[in-house]
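Working notes, structure below.
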Amino acid sequence: RGAGARVRGRRRDPPPGRVLTASPLSVARLPSPGVLRAWSLVAVAVAVFGLGVWLVSPRFEIDSPSLVDDWIAVTQGGEELGELIRHGNAEEQRFRPSWTVWNTLQWHTFDAPDGLVGPNAWNLARLAILVAGLMLVVALALPPPRGRVEAGVHALVAGLPALLVVTVPKFARDLARFGTQEPLLVGGMALGGSLLVLAARSLLRPTPLPRAHFAALLVAGSVLWFAGVYQKETSLAVLPLLAGALVAGRGRLRGWRSLNRTRKRALAAIGVVVALPLAHVAIESARIAARGDLVYGAQVDAGRGIVDGLELLYDWSTEVFSLTARRVVIAALVLTALVALFRRRLDLVALGVLGTGALSLVLAAQSGVAVSRYYIPAYALAGVALALSLARLPVVLQAIGVVGLALAFLPATEARTEVDAWAVEEQAGGALVEVLADLDANGCPVAMAGIDQETSLALAALVSRAERPGED
């Protein structure tokens, strides 16, 4: 008879030395908070990615390259990659080698450039990198969950930045476009940097190093980090975040003294991987700035262009963000300050995140133009700071915050409508190319007037290519 059996209506005490325990089966059914948070993070990432795919899905109906950005990759992608290999840069006014490589892969692999299955697949991979990167950055900075409920709530909190980004209507359109640089800039640096942090943590642990696991983290993290940093010059804005993360993690880093020589060298290699591309981008950007003539005709003018550019970005922000989205940025600033006040300790990672977001706008302002994609890094990082600060509150308030933000931005039908309208415009552009190609093929002279320079160049290039369908 087992412990706890009833005798004459009374529960019999267990024999001396025996301890009542729960059934092994019931224990196995309850994962630890850490394991539960890991699986919850995967589930939330899949849900947010699925939402993002649904939002950009109208672009699957498009069957021709866009008159913005795509036409260059289709007609000149191979040439630009050759210039990059031979001379280290394919452009005089920009330094964005990974964008050149990504465009070449996107438009010259699988069925491209004649079909769009390949480009759509690469675009979905870019969206997955963005969602996973933003979630992992938050997850690594969160405190350990104190129970299973908080473990699940932490996963939802970690998904907030990605949810906030994909549900902004203008951003949804930018995510649907193939040529937008900012998603891979943010996603590549976030996911790559997070994997490198995990690799560094595995080195600092006083346990046997799983070499295959470490190598996978190092290789994948390095590739993604390089892809993000070299996406465009704005990657230099990451410096405040790096500084905040290093100071916040100084306790872990003190353990490097006790490492053996092999682990110290591996840790130093991770530092080189992080610093080297940033230094390279800084040098090349300085060379471009020294020439004075920047992209879009902007000039280096002792900071006056930045001030004017920031004013332009501020004025145009009302075109990009709804009132609710603008309140998210304010909430990130206010909540970060309040949490620091109540805890009597600054969250250096959250401050670094906000500093990086602000610096990204400063760098974007130098261009002298305002487009919606310029706001993606700053808004995404505001969402990260909001999530980090929200996670410092009691679990009930965390849950209330997550539910409130989800209700404010879901079901995101406005974002889907924005992408739908954009897809219709793109299909009209593709139809125009077909009409002009037919006219030109039949010897009918075609003249263009009243359109911007890029559209005129794109039409000429795509019409010429339409007459030679067998050529890339």
Among Leu405, Leu390, Val395, which one satisfies side-chain contact (heavy atoms from CB on, under 4.5 Å) with Val157? Leu390

Using atom types as modelled and distance alone, determine if a side-chain donor or acceptor of Arg126 lies under 3.5 Å from a backbone N or O of Leu175. yes

Backbone N/O of Val247 and side chain of Arg250: donor-acceptor pair under 3.5 Å: yes

For Trp107, the ring pair (Phe, Tyr, Trp, His ring centres under 6.0 Å) test, sequence neighbours excluded, returns Phe178

Please list every donor-acceptor pair under 3.5 Å in which a side-chain atom of residues 251-262 meets a protein atom from a residue at least two apart or in another chain.
| from | atom 1 | to | atom 2 | distance (Å) |
| --- | --- | --- | --- | --- |
| Ser258 | OG | Gly255 | O | 2.9 |
| Asn260 | OD1 | Thr262 | N | 3.2 |
| Asn260 | OD1 | Arg263 | N | 2.8 |

Check Thr336 against Ser389 and note the closest heavy-atom contact, atom names and distance. OG1-OG, 3.0 Å

Where do Val166 and Ala415 come nearest, in terms of heavy atoms and distance? O-CB, 4.4 Å

Using distance only, find each side-chain donor-acceptor pair of residues 196-204 under 3.5 Å and give its atom names and separation, not counting sequence neighbours.
| from | atom 1 | to | atom 2 | distance (Å) |
| --- | --- | --- | --- | --- |
| Arg201 | NH2 | Leu140 | O | 3.2 |
| Ser202 | OG | Ala199 | O | 2.6 |

Using a cut-off of 6.0 Å, state whether more than 12 heavy atoms not belonging to Arg265 lie near its atom CZ. no

Return yes when atom OH of Tyr314 has more than 12 non-hydrogen atoms of other residues, nucleotides or ligands closer than 6.0 Å, and no otherwise. no

Report the distance from atom CD1 of Ile62 to atom CD of Glu425, rounding to the nearest 0.5 Å. 10.0 Å

Interatomic distance, Leu195 atom CG to Leu218 atom CG [nearest 0.5 angstrom]: 10.0 Å

With a 4.0 Å cut-off on N to O distance, would you call Glu182 and Lys232 a salt bridge? yes

Among residues at least two apart in sequence or on other chains, which ones pass side-chain hydrogen bond (donor to acceptor under 3.5 Å, both in side chains) with Thr109? Trp122

Side chain to side chain contact (heavy atoms under 4.5 Å, CB included) filter on Ser372, not counting sequence neighbours, yields Lys170, Arg173, Asp174, Trp316, Val320

Could you pull out all residues at least two apart from Val329 that satisfy side chain to side chain contact (heavy atoms under 4.5 Å, CB included)? Tyr379, Ala382

